[in-house]
Amino acid sequence: MSNITLFSSANVPAFARNNELSETARALTGGGVSNSVKRISIKGGVFRLVAGGKEVAAIDDRHLNVIIVKAAPKVSRIFYASSYDADNIAGPDCWSNDGERPDPAAAKKQSDTCLNCAKNQAGSGQGNSRACRYQQRLAVVLADNPLGDVMQLTLPAASVFGKEEGDKRPLQAYARYLAVQNPPVNPEQIVTEMRFDTKAESPKLFFKPVRWLTDEEYEVIKEQGESDDAKRAVVMTVAQGDGVKANAPKLVMAGKPAVEAEEEAPVTKKVKITPVADADDEPEVRKDAAKPSAVPAKKGKLADIVSDWDDE
């Protein structure tokens, strides 16, 4: 039995299903692994697998196939008062899981509500951007290992609300595109390709459908979406956002041992915000004007959707 399947949820014995780290485990990991949520980072325009605050693998390809198992119900917000300093990594000063009010645990709340916050005003950041940035948190699994680790993926605003470019769609446009098919397609029912926009200065992803899941895969994904790991992945905590230094557990991909790399700073602090003249980084729900169509005029089957994509 491989390392990948040994610890999959289907093989966990009854006595271990509600496990927490024991004293023995904490002693052997050097005191902890305080951040148990494994993540996919897009720092530097590269897909990186992060566990315990450390990068354990990087993927050379410009695209990655995943299955989205769960999404945060609302877009979150995050604010850093100071710019990123690799020698003195600091956590966010304020953040919100629902995009409406600061989280009670936020160290330096900027306002009682996000709507009325000065950091939510255009021009409070670089150029015409907002100092407090939007994020969307997803729980995903690798498409070639549905039973594997559920990982957190935090997307910056440009990957969520940005304009579509032909058949290349950011997350919300992609979800709307799937929703208007006949019958509607749910993201957790298909394999999704994430591909970097090579024209963007900051890490930015486009999404496209690859194939339907099999019946067996879909049953697994439904369970993964209800798992504790999936529920934790779509919620922001200080430990997930502040560059916690911890000993990383091994994360094995395709039978290859993970290798340690330098510890990763929060993705949101690495992103360079380019001044913009429009409101690409603002959710559609906050706009008064009619939303531009992000889907083709004609509806089609998923097979037709997939065939329309170029295989670049």
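These numbers come from the heavy atoms of this one structure, side chains and all, not from hydrogens, waters or symmetry mates.
- Partners of Thr192 according to the side-chain hydrogen bond (donor to acceptor under 3.5 Å, both in side chains) rule, which considers only residues two or more places apart in sequence or in another chain, are Tyr174.
- A 4.5 Å side-chain heavy-atom check between Asp197 and Lys168 finds every atom pair outside the cut-off.
- A donor-acceptor pair is defined here as one N or O able to donate and one able to accept, closer than 3.5 Å; no such pair exists between the side chain of Lys119 and the backbone of Gly125.
- No side-chain heavy atom of Asp149 sits less than 4.5 Å from a side-chain heavy atom of Leu49.
- Checking Gln135 against Arg137 by side-chain atom types alone, a donor-acceptor pair falls below 3.5 Å.
- Put simply, the side chain of Leu178 does not reach to within 4.5 Å of the side chain of Gln189, judged on heavy atoms.
- Atom CD1 of residue Ile67 and atom CG of residue Asn145 lie 9.5 Å apart, to the nearest 0.5 angstrom.
- Heavy atoms only, all atoms of each residue included: Val180 and Tyr177 are closest at CG2-O, 3.3 Å.
- The side-chain heavy atoms of Asp61 and Phe47, taken from C-beta on, include no pair separated by under 4.5 Å.
- Partners of Lys222 under the side-chain hydrogen bond (donor to acceptor under 3.5 Å, both in side chains) rule, at least two apart in sequence or in another chain, are Glu219.
- Residues Cys117 and Gln110 share a closest heavy-atom pair of SG-CB, 3.6 Å.
- Note that the CZ atom of Arg130 and the CZ atom of Arg77 stand 7.0 Å from one another [nearest 0.5 Å].
- One distance of note links CD1 of Ile221 with CD of Glu216; it measures 12.5 Å at 0.5 Å rounding.
- Considering CG of Leu205 and CZ of Phe196, their distance stands at 5.0 Å, rounded to 0.5 Å.
- The environment of Asp112 atom CG is sparse: at most 12 non-hydrogen atoms of other residues, nucleotides or ligands sit within 6.0 angstrom.
- Closest non-hydrogen pair, Pro156 versus Ile42, comes out as CD-CD1, 3.9 Å.
- The closest donor-acceptor contact from the side chain of Asn65 to the backbone of Ala143 lies at 3.5 Å or more, if one exists at all.
- Formation of a donor-acceptor pair under 3.5 Å by the Gln224 side chain with backbone atoms of Lys70 is not found in this model.
- The shortest heavy-atom contact between Leu138 and Ala71 is CD2-CB, 3.6 Å.
- Residues Val210 and Ile190 have side chains not in contact (no heavy-atom distance under 4.5 Å, counting atoms from C-beta outward).
- Counting only heavy atoms from C-beta outward, the side chains of Phe79 and Asn120 never approach each other to under 4.5 Å.
- Taking both residues in full, the closest heavy atoms of Ala179 and Pro184 are given as O-CB, 3.5 Å, listed atom of the first, atom of the second, then distance.
- Residues Ser76 and Thr154 are not in side-chain contact: their nearest non-hydrogen atoms beyond the backbone lie 4.5 Å or more apart.
- Hydrophobic clustering (ILVMFWY, side-chain heavy atoms < 4.5 Å, transitive): Leu153 and Val46 are in distinct clusters.
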Go through the steps for Arg176 and Glu164 under the test salt bridge (Lys or Arg N to Asp or Glu O under 4.0 Å), then give the verdict. CA-CA 12 Å; Arg176 290 194 296 267; Glu164 63 181 287; over 6 Å; no
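- Gln136 contributes a side-chain N or O that, together with a main-chain N or O of Ala72, makes up a donor-acceptor pair within less than 3.5 Å.
- In this structure, Val69 and Glu188 have side chains that are not in contact, with every pair of non-hydrogen atoms separated by 4.5 Å or more.
- Here CZ of Phe207 is found 10.5 Å from CD of Glu193. Values are rounded to the nearest 0.5 Å.
- Closest heavy-atom contact between Cys94 and Lys109: SG-CA, 3.8 Å.
- Note that CZ of Arg195 and CZ of Phe206 are 11.0 Å apart. Values are rounded to the nearest 0.5 Å.
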